[in-house]
2 protein chains.
Amino acid sequence: MDQLSATFAALADPTRRAILARLTDGPATVKELSEPFDMSGPAISKHLRVLEKAGLITRGREAQWRPCQLDATPLKEVAVWAENYRRFWDASYARLDELLTEMKEKDS
Amino acid sequence: MDQLSATFAALADPTRRAILARLTDGPATVKELSEPFDMSGPAISKHLRVLEKAGLITRGREAQWRPCQLDATPLKEVAVWAENYRRFWDASYARLDELLTEMKEKDS
DNA sequence: CTCGTACCTAACCACTTGGTTATCTAACCG
DNA sequence: CGGTTAGATAACCAAGTGGTTAGGTACGAG
């Protein structure tokens with residue numbers, strides 16, 4: 001699977017996005033990350049593995065803890081991709097597009 | 001499923017992103033959209049249904065054709081979400097973060 | 001009316017996903 | 001040593017996904 005697809009797939013889950021949001025406050029252990037969720041440990045472990053495979057987090061070792069840290073690099077690609085569609089969601093750009101189409105039709 | 005999750009899920013497939021890219025050139029029929037792919041008609045129909053449910057395309061009726069049109073509105077939410085992480089992928093901001101953390105530690 | 005085209009639905013398949021419980025390892029703490 | 005805590009792994013399950021083929025509907029053309 002390509003990087004962008006893996007990133008989008010990882011982000012398509014509210015739990016995983018919440019985990020990323022939590023990690024913007026700094027590294028955290030698996031236990032800390034699982035606190036806010038009514039979910040078993042293994043479920044969180046699976047989410048973390050998805051995030052890790054997508055390159056969105058990195059994990060260290062510190063005694064019996066496996067601290068997680070945010071790595072937002074793949075999100076840059078997401079932002080760039082989305083920005084390419086900006087002119088299609090911005091209403092004024094849409095109207096400009098219509099105008100340009102009209103003008104082009106009159107020209108030809 | 002919430003809007004953002006639905007949007008990310010819809011974007012987590014290269015075929016669907018390619019369809020969106022094609023639609024930036026203007027509306028197209030299902031047949032036209034399926035041309036570039038070595039895939040059966042129903043497979044494309046399913047992808048289009050996912051995109052439609054995510055609000056990324058709208059569909060009309062014109063005789064026996066069902067023209068598809070891009071609706072990039074949900075992508076605005078994606079862009080905004082990703083932008084919130086900009087400071088975490090930008091190296092200079094990351095270094096600034098480190099500095100601020102150091103300063104905070106020395107203060108306390 | 002008949003034929004071909006565009007498209008959809010239904011049924012099916014293999015695989016993935018998001019969750020569970022039970023069990024295991026690894027590390028600290030007494 | 002034994003007990004507790006952090007975490008991973010394994011096996012399982014229900015539901016979803018991405019594809020297929022077969023068959024159905026709606027429309028325009030001859």
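Basis for what follows: all heavy atoms, side chains included, without hydrogens, waters or symmetry-related copies. It should be emphasised that the depicted structure is a prediction, and the values quoted were computed from it without experimental measurement.
In this entry the distance linking NZ of B:K46 with P of C:dC12 reads 13 Å, nearest Å. Following rounding to the nearest Å, A:L48 (CG) and C:dG19 (P) show an atom-to-atom distance of 12 Å. Between A:Q64 atom CD and C:dT25 atom C1' there is a gap of 12 Å when expressed in whole angstrom units. Protein atom CE of A:M1 is 16 Å distant from nucleotide atom P of C:dC15, rounded to whole Å.
Mapping A:A63 and A:A12 onto DNA chain C via the closest heavy atom, the residue that lands nearer the 5' end is A:A12. Taking the nucleotide of DNA chain D with the nearest heavy atom to each of A:R49 and A:W65, the more 5' of the two is matched to A:W65.
Across all non-hydrogen atoms, the minimal contact from A:Y85 to B:R17 is OH-O, 4.1 Å. Contact record, A:P74 with A:A54: CG-O, 3.6 Å, taken as the closest heavy-atom pair.
Using modelled atom types, one finds no donor on one side chain facing an acceptor on the other under 3.5 Å when comparing A:T24 with B:R87.
Nucleotides of DNA chain D lying under 4.0 Å from heavy atoms of chain A occupy a range whose first and last members, 5' to 3', are D:dA6 to D:dT9.
Note on B:D13 versus B:K46: no salt bridge recorded, every NZ/NE/NH1/NH2 to OD/OE distance being 4.0 Å or above.
For the segment residues 15-45 of chain A, residues with any heavy atom less than 4.0 angstrom from an atom of DNA chain C are, sorted by number, A:R16, A:M39, A:S40, A:P42, A:A43.
Applying the salt bridge (charged side-chain N to carboxylate O under 4.0 Å, His left out) rule to B:E83 yields the partners B:R86; only residues at least two apart in sequence or on another chain are considered.
In this structure, A:R59 reaches the sugar-phosphate backbone alone: every heavy-atom distance under 4.0 Å involves primed, P, OP1 or OP2 atoms, never a base.
Taking CD1 from A:I57 and CZ from A:R16, the interatomic distance works out to 11.0 Å, rounded to the nearest 0.5 Å.
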